[in-house]
Amino acid sequence: MASTQTQHDDNETAEEPSEPESALQTARRQLQHAADHLDIDPSIVERLKHPKKVQEVTVPIERENGDVEVYTGYRAQHDSVRGPFKGGLRYHPEVTREECVGLGMWMTWKCAVMDIPFGGAKGGIAVNPKDLSEDEKEQLTRRFTDEIRSVIGPTTDIPAPDMGTDPQTMAWLMDAYSMQEGETIPGVVTGKPPIVGGSKGRDAAPGRSVAIITREAIDYYDKDIKETSIAVQGFGSVGSNAAKLLDRGANVVAVSDVNGGIYDANGLDTHSIPSHHEEPEAVMTHEAPETVTNDELLELDVDVVIPAAIGNVLTEANADDVAADIIIEGANGPTTTAASAIFADRDIPVIPDILANAGGVTVSYFEWLQDINRRAWSLERVNDELETEMLAAWQDVQTEFETRDVTWRDAAYIVALSRIAEAHETRGLWP
Ligand code: NAD
């Protein structure tokens with residue numbers, strides 16, 4: 001699971017109230033919060049607050065100018081009680097051990113809420129990939145793969161793309177791993193280009209799952225989708241795919257990228273707006289009756305708002321001004337803890353990231369199944385099965401939401417933690 005939260009203090013007691021929580025603090029707090037609703041062995045909760053293993057490696061490469069640069073890489077493996085570790089690799093200057101641990105924990109909850117037989121992991125290299133040429137990135141990826149080779153594998157730990165990495169990075173990783181093993185092993189990584197074992201529909205999957213969950217939430221709150229107005233922040237992989245799929249029924253009135261947003265109360269033709277990948281940061285070049293800032297977009301008087309760009313955009317400072325009836329978390333961690341509490345007080349449902357954008361890891365699971373069976377699925381099958389999995393997860397979370405009278409976020413964490421704890425109890429602790 002990717003996140004844009006970049007604060008890295010894992011000292012849970014020394015948190016500045018005005019500072020956003022680190023990924024690890026958030027993950028631990030949400031774990032404890034869910035545990036408080038459940039009757040589970042406290043020793044299991046204690047165990048889940050810590051990673052199973054963190055591999056820290058040195059990754060030296062020779063730059064094109066002849067200098068040797070040394071980077072630090074990590075692979076944090078949180079929990080594998082339900083299956084192999086699964087999670088992204090990010091190349092970003094602020095990657096730290098703590099961040100990888102926190103994000104790996106999130107992946108454990110995300111896989112469990114989807115009932116996918118994987119655990120959680122996260123890794124990466126503290127590097128700015130924009131400073132590297134394509135050849136240098138390839139060298140870095142191949143060397144990093146070799147350094148973590150002993151802890152990854154198709155039945156042990158399966159990386160995927162995240163911030164700063166892409167399908168090409170995954171193809172190099174798969175090649176480097178396969179060359180050392182002496183055979184082609186596509187199942188060691190997901191998010192590859194389809195020509196080397198990637199799945200059709202993987203790129204659009206997180207946005208597709210956001211659209212599926214948005215439709216379910218609209219229906220649950222007795223709104224008519226044709227009468228529903230939606231604002232989407234971020235027009236990248238998640239935001240553009242969600243907006244375009246929702247545009248086939250609902251009225252998408254505002255979208256944005258890093259430069260700001262466009263607004264048309266009568267509905268935008270989202271299909272004619274270039275996504276981040278088609279033409280980066282081009283939303284504002286599209287003609288529309290009005291423009292809005294990213295802050296204004298979040299406060300538009302719409303039925304549904306979907307923050308799908310970065311983390312920590314819904315905060316204590318703007319939560320009271322949000323006018324939408326429903327919030328769907330397309331990005332990872334867009335709502336701070338303080339904002340979540342305000343939305344709970346205001347009775348505004350917030351459908352959490354670990355459910356809404358879980359289409360990515362779900363289709364990664366399909367990719368892994370295709371790889372180990374050496375048989376590719378059609379796009380139609382991928383999308384059908386994704387829909388089935390998303391609806392099942394929605395149903396499971398809805399049941400907890402209704403029976404326990406908790407927030408949607410708590411309901412999702414309760415579903416996830418119940419499954420993980422039951423698996424731990426059933427397997428037992430190695431003495
Ligand atoms: P992306 O790079 O494809 O697109 C990001 C979009 O957000 C772009 O339109 C960019 O202009 C915009 N943006 C960047 N900074 C912004 C800012 N400060 N304010 C408003 N807009 C801004 O990214 P993505 O893959 O769509 O990911 C978006 C979010 O979804 C991230 O939080 C990511 O972690 C999460 N996510 C992504 C995936 C995935 O597989 N792509 C899966 C799950 C969750």
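Each ligand, and each atom within it, is numbered from 1 in the order the structure gives.
- Contact annotation: the side chain of Val361 approaches that of Met107 to within less than 4.5 Å [non-hydrogen atoms, C-beta and beyond].
- Those atoms of ligand 1 that come under 4.0 Å of a heavy atom in Ile310, given as number and element, are 15 (N), 17 (C), 18 (N).
- With His78 as the fixed residue, the ring pair (Phe, Tyr, Trp, His ring centres under 6.0 Å) test singles out one of Trp106, Trp109, Phe85: Trp109.
- Ring-centre distance between Trp408 and Tyr220: below the 6.0 Å cut-off.
- In Val238, the parts holding a heavy atom less than 4.0 Å from any atom of ligand 1 are both the side chain and the backbone.
- A 6.0 Å sphere centred on NE2 of His286 holds more than 12 heavy atoms belonging to other residues, nucleotides or ligands.
- The number of heavy-atom neighbours closer than 6.0 Å to NZ of Lys52, taken from other residues, nucleotides and ligands shown, is 12 or below.
- Of all the listed residues (Ala242, Gly333, Gly164, Ala309), Ala309 holds the heavy atom that lies closest to atom 28 (C) of ligand 1.
- Contact analysis leaves Gly360 out of contact with ligand 1, as no non-hydrogen atom separation drops below 4.0 angstrom.
- Annotation: Asn357 places no N or O atom under 3.5 Å from an N or O atom of ligand 1; distance criterion only.
- Only the backbone of Ala308 comes within 4.0 Å of ligand 1, counting heavy atoms alone; no side-chain atom from C-beta on gets that close.
- Residue Arg346 qualifies as enclosed at atom CZ: its count of foreign heavy atoms under 6.0 Å is above 12.
- Not counting sequence neighbours, Asp264 has no partner by the salt bridge (Lys or Arg N to Asp or Glu O under 4.0 Å) test.
- The part of Pro206 lying near ligand 1 is the side chain, judged by heavy-atom distances below 4.0 Å.
- When Leu103, Val258, Leu297, Val255 are checked for heavy-atom proximity to atom 16 (C) of ligand 1, Val258 turns out nearest.
- For Glu281, every heavy-atom contact with ligand 1 shorter than 4.0 Å involves the side chain, none the backbone.
- Within a 6.0 Å sphere centred on CZ of Arg202, heavy atoms belonging to other residues, nucleotides or ligands number more than 12.
- For ligand 1, the atoms closer than 4.0 angstrom to any heavy atom of Asn294 are 19 (N), 20 (C).
- Using a 4.0 angstrom heavy-atom cutoff, Met163 does not count as in contact with ligand 1.
- Listed by chain and number, the residues in a ring pair (Phe, Tyr, Trp, His ring centres under 6.0 Å) with Trp172 amount to none (sequence neighbours excluded).
- Interface atoms of ligand 1 facing His277, defined by a heavy-atom separation under 4.0 Å, are 3 (O).
- Of the N or O atoms in Ser256, none lie within a sub-3.5 Å distance of an N or O in ligand 1.
- Residue contacts with ligand 1: Gly330 is included, with a non-hydrogen atom under 4.0 Å away.
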